[in-house]
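Here is the structure we will look at, set down as structure tokens.
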Amino acid sequence: MQIVIASGKGGVGKSTVAASLIYLLKDKYRLIAVDADADAPNLHLLFGVKKWEEEKELTGAKVARINQDTCIRCGICYERCPYESIKLVDGKYVVNELTCEGCGVCKLVCPVRGTIILEEARSGVIRKTTTRYGFPLISAQLDVGRPNSGKLVTEEKEWAKKIMQEQELDHMIVDSAAGIGCQVIASVGGADVAILVAEPTPASLSDVKRVYKVVQHFREPAYLIINKADINPSFEGLYEFAEQEGIPILGEIPYDRAIPYSMAMLKPFVEAFPESKASKALKEIAKAVEMRF
């Protein structure tokens, strides 16, 4: 089974919840974890990963290159670049690789054929390791200014599926990125169920509604976890949304100031502070996950 944990909004504690659920379910099921936030992966930090066993580079991005030997310094490419990625440096037109989108406009307008070419560049890297808890973890890191974050996540999941078959694993738990962009679409696509994490604030409600639309597009069942449930007790928006859409609530987690300390300890919160109220709530949610999935 493929379970994706999403939020729509960053900062609501999605990765903290994901790491804790993975930790609590690891002894019940043979599972693999996937960190699907290629922009800012951090799941490996919560599990104390210090080294990677295997890495794969993903190419596919395009970057313009100007041949200085044949360039006639006309400046047309500089004038037409829609991203302002071409600059005049010491009398030569050069491409800023960090902002170049590989659109090819400069190549089309250049009057000297073959002077500007589009070369393949690395989009990022996909990494695999076995955590100290015994389960495999797949993560990805998008290179600065590169596209194809969604493709990175898709490749992550394909690698995870292969490992699941080889090791006869039961479940894949995917920690999605925030928002509703390419990474999230790649995370939600193909999943069997989505667990949405939200906090009781208008901003979180607005964003979880947006990611729920992505889940609906793929016709997947959705469940809701309310994190930091006691920070805004008068806010009823999440409960009204869940009731209106028929989304079961798996549980509520109280706010706990100790969570940042568990991150500094490089441990899942439920391992670092097993007797806290938040940990006890997470354990109940893990039981609910076991019963339903």
same_hphob_cluster([X], [Y]) at 4.5 Å side-chain heavy-atom cutoff:
X	Y	value
F273	Y23	yes
V125	V63	no
I138	Y29	no
I225	I5	yes
L25	V4	no

Rounded distance (nearest 0.5 Å) linking atom [atom1] of [X] with atom [atom2] of [Y]:
X	Y	atom1	atom2	answer
N42	D37	CG	CG	7.0 Å
C77	L108	SG	CG	12.0 Å
D143	T59	CG	OG1	11.0 Å
M265	E271	CE	CD	8.0 Å
L137	H44	CG	NE2	8.5 Å
E156	I32	CD	CD1	10.0 Å

I need the minimum non-hydrogen distance between [X] and [Y], along with the two atoms involved.
X	Y	value
L46	A19	CD1-CB, 3.8 Å
Y255	R257	CE2-CG, 3.5 Å
E252	A229	CB-CB, 3.8 Å
G246	P248	O-CD, 3.4 Å
V193	P221	CG2-O, 3.4 Å
K267	A272	CB-CB, 4.2 Å

Does anything in residues 61-73 pair up under salt bridge (charged side-chain N to carboxylate O under 4.0 Å, His left out), and if so which pairs, sequence neighbours excluded? R65-E97, R65-E119
Taking only Lys NZ, Arg NE, NH1 and NH2, and the carboxylate oxygens of Asp or Glu, determine whether E290 and K287 approach each other closer than 4.0 Å. no
E54/K128 ion pair, N-O < 4.0 Å: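 Looking at K128 together with E54, the answer is no, because their closest N to O distance does not fall below 4.0 Å.
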Acceptor/donor pairs from residues 211-220 side chains to any protein atom, 3.5 angstrom cut, sequence neighbours excluded:
residue : atom : partner : partner atom : Å
E220    : OE2  : A191    : N            : 3.4

Is [X] isolated, or which residues cluster with it under the ILVMFWY side-chain rule of less than 4.5 Å, directly or via members?
X	result
V94	V89
Y78	I66, I86, L88, Y93, V95, I116
V112	I72

I'd like to know if the side chain of T201 pairs up with that of S204 as donor and acceptor (distance under 3.5 Å, no hydrogens or angles considered). no
Using atom types as modelled and distance alone, determine if a side-chain donor or acceptor of [X] lies under 3.5 Å from a backbone N or O of [Y].
X	Y	value
N232	P200	yes
D192	M1	no
K157	A36	no
S262	I259	yes

Not counting sequence neighbours, which residues clear ring-ring contact (aromatic ring centres under 6.0 Å, His included) with F293? List them please.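 Counting only residues at least two positions away or on another chain, F293 forms a ring-ring contact (aromatic ring centres under 6.0 Å, His included) with Y223.
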Output all residues satisfying ring-ring contact (aromatic ring centres under 6.0 Å, His included) with Y239, sequence neighbours left out; order by chain, then residue number.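 Expected list: none.
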Might you confirm whether atom [atom1] of [X] has over 12 heavy atoms from other residues, nucleotides or ligands at distances under 6.0 Å?
X	atom1	result
R80	CZ	no
E84	CD	no
E53	CD	yes

Atom pairs and distances, side-chain donor-acceptor, residues 172-188, under 3.5 Å, sequence neighbours left out:
residue : atom : partner : partner atom : Å
D175    : OD1  : K14     : NZ           : 2.9
D175    : OD2  : S15     : OG           : 2.8
Q183    : OE1  : A38     : N            : 2.5
Q183    : NE2  : D39     : OD2          : 2.7
S187    : OG   : Q183    : O            : 2.7

Test side chain to side chain contact (heavy atoms under 4.5 Å, CB included) applied to L152 and I126, step by step: CA-CA 7 Å; L152 271 172; I126 306 170; 3.7 Å; yes
For the residue pair [X] and [Y], establish whether any side-chain heavy-atom pair is separated by less than 4.5 Å.
X	Y	result
M263	T16	yes
V208	L238	yes
E166	K162	yes
Q2	K161	yes
I76	V109	yes

Partner set under side chain to side chain contact (heavy atoms under 4.5 Å, CB included) for [X], not counting sequence neighbours:
X	answer
Q167	R30, P136, I163, L169
S20	F269, V270, L282
E243	none
V144	L98

Intermediate values then yes/no, side chain to side chain contact (heavy atoms under 4.5 Å, CB included), N227 and V12: CA-CA 7 Å; N227 194 26; V12 300; 5.6 Å; no
Could you point out which residue of L43, I22, V49 forms a side-chain contact (heavy atoms from CB on, under 4.5 Å) with T131? V49
